[in-house]
Participant: 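Got a structure for you, questions after.
Because the structure is a prediction, the values reported are computed rather than measured. In what follows, chains are A, B, ... by sequence order, proteins preceding strands, each numbered from 1.
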Number of protein chains: 2
Amino acid sequence: MESPDRDASRTLDGRLGYLLVRAAMRVRQRYTAVLSVHGLLPNQHAILSRLNEIGPSHQKQLADRVGLDPGDIIAYLDGLYKAGYIHRDRDPADRRRQIVAVTPAGVDVLDIADRALDAMEEDTFASLAVAEKTSFAEQLARLSESLGR
Amino acid sequence: MESPDRDASRTLDGRLGYLLVRAAMRVRQRYTAVLSVHGLLPNQHAILSRLNEIGPSHQKQLADRVGLDPGDIIAYLDGLYKAGYIHRDRDPADRRRQIVAVTPAGVDVLDIADRALDAMEEDTFASLAVAEKTSFAEQLARLSESLGR
DNA sequence: TATTGTTATACTCTATAACTATA
DNA sequence: TATAGTTATAGAGTATAACAATA
């Protein structure tokens with residue numbers, strides 16, 4: 001006789017998804033705390049960082065690359081613009097579009113914030129061995145990739 | 001001469017924290033979608049599941065075990081109570097306390113929801129090999145542990 | 001592009017009641 | 001007792017974030 005369908009071994013902590021979401025919540029709290037010192041929200045840091053990587057972009061394109069809703073990115077960009085970290089220019093080739101780019105001040109704050117994040121992450125992931133971090137990162141990237149955007 | 005402090009290799013996708021949070025976001029979306037079919041929020045499922053594991057508990061104790069704010073758990077419990085999935089009784093030994101317990105209907109919905117989550121998780125984490133899932137889970141658990149409650 | 005509204009979640013603050021310890 | 005301090009629950013308000021609909 002097989003065991004019944006009600007499986008006592010199916011606990012909350014036995015769920016990969018729950019473990020992932022819970023760990024991420026705690027890490028995100030640390031991101032928020034570190035970045036708030038520099039006046040950035042986590043999503044604003046992601047936008048600034050990605051924009052710095054890919055160069056001047058249209059807002060829609062940028063939203064895609066950061067994985068944010070095109071409607072939601074507006075307010076984040078407004079904040080970055082007011083702080084002088086980005087500028088927005090109409091695309092002369094298509095005047096519906098805005099070309100967004102990081103300013104020198106934006107590069108500066110990104111650099112400072114990134115150093116603070118580096119220190120925080122080193123501490124946060126200290127429980128993982130160096131070799132583990134590599135495979136962990138690779139698995140997370142593979143997972144995000146497979147879950148699509 | 002060493003490379004300057006401005007490190008071009010420090011990209012967003014090179015951050016373990018960012019990878020973790022982004023993957024978790026996508027997994028949580030799937031949790032939300034699956035559970036909404038059964039009328040449960042992710043936090044309500046976590047509460048119900050944990051309560052089913054540990055048995056009748058005080059609300060504060062339950063909040064601690066699920067990692068939720070004691071103030072926030074109230075509304076979730078209200079919803080579970082209205083749906084008939086839990087009952088709340090005053091603790092005669094300490095009348096400030098409510099003793100919360102899962103009802104038979106709560107066990108039923110938990111069982112059904114868990115089966116749906118099982119199927120979703122199998123699909124969601126299909127990009128990880130079986131052996132990888134084990135180490136991945138262990139690393140996530142270790143991480144949460146080290147980041148405290 | 002931009003705005004508006006909704007929902008989920010997390011955090012802070014306050015209020016009430018009931019318990020504990022102590023003078 | 002009376003008082004002060006603590007704890008459990010409850011509610012209000014705010015902030016971040018994701019999503020949908022629409023202008």
Participant: Is any side-chain N or O of Q59(A) closer than 4.0 Å to OP1 or OP2 of dA2(C)?
Facilitator: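 True: Q59(A) side-chain N/O within range (under 4.0 Å) of dA2(C) OP1/OP2.
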Participant: Check the interface with nucleotides 11-13 of chain D: list each N/O to N/O pair with the protein under 3.5 Å, or write none.
Facilitator:
none

Participant: Quantify the bending of the helix from dT1(C)-dA23(D) to dA23(C)-dT1(D) as the angle between its end axes, each fitted on five pairs, to 10°.
Facilitator: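 End-to-end axis angle for the helix from dT1(C)-dA23(D) to dA23(C)-dT1(D): 10°, rounded to 10°.
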Participant: What contact category does R95(A) fall into here, base, sugar-phosphate, or nothing, at under 4.0 angstrom with non-hydrogen atoms?
Facilitator: nothing
Participant: What's the OH-C1' distance between Y31(A) and dA15(D), to the nearest Å?
Facilitator: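 Rounded to whole Å, this separation is 20 Å.
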Participant: Hey, is the side chain of Q44(A) poking within less than 4.0 Å of OP1 or OP2 on dT16(D), counting only N and O atoms?
Facilitator: no
Participant: Counting just side-chain N and O atoms, does Y76(B) come under 4.0 Å of either OP1 or OP2 of dT9(C)?
Facilitator: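 For dT9(C), OP1/OP2 do have a side-chain N/O of Y76(B) under 4.0 Å.
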Participant: So what does P42(B) touch, heavy atoms closer than 4.0 Å: a base, only the sugar-phosphate, or nothing?
Facilitator: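 Contact class for P42(B): sugar-phosphate only.
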Participant: With heavy atoms under 4.0 Å as the rule, sort I73(B) into base, sugar-phosphate or nothing.
Facilitator: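 The answer is nothing, as I73(B) stays clear of every strand by at least 4.0 Å.
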Participant: Kindly write out the residues that satisfy side chain to side chain donor-acceptor pair (under 3.5 Å) with Q29(A), not counting sequence neighbours, or none if the list is empty.
Facilitator: none
Participant: Which is more 5' along DNA chain C, the nucleotide nearest R97(A) or the one nearest T32(B)? Just name the residue.
Facilitator: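 By nearest-heavy-atom nucleotide position, the 5'-most residue is R97(A).
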Participant: Ignoring hydrogens and angles, are the base of dT7(D) and the side chain of R96(B) linked by a donor-acceptor pair under 3.5 Å?
Facilitator: yes
Participant: Has R26(A) got a side-chain N or O lying under 4.0 Å from the OP1 or OP2 atom of dA10(C)?
Facilitator: no
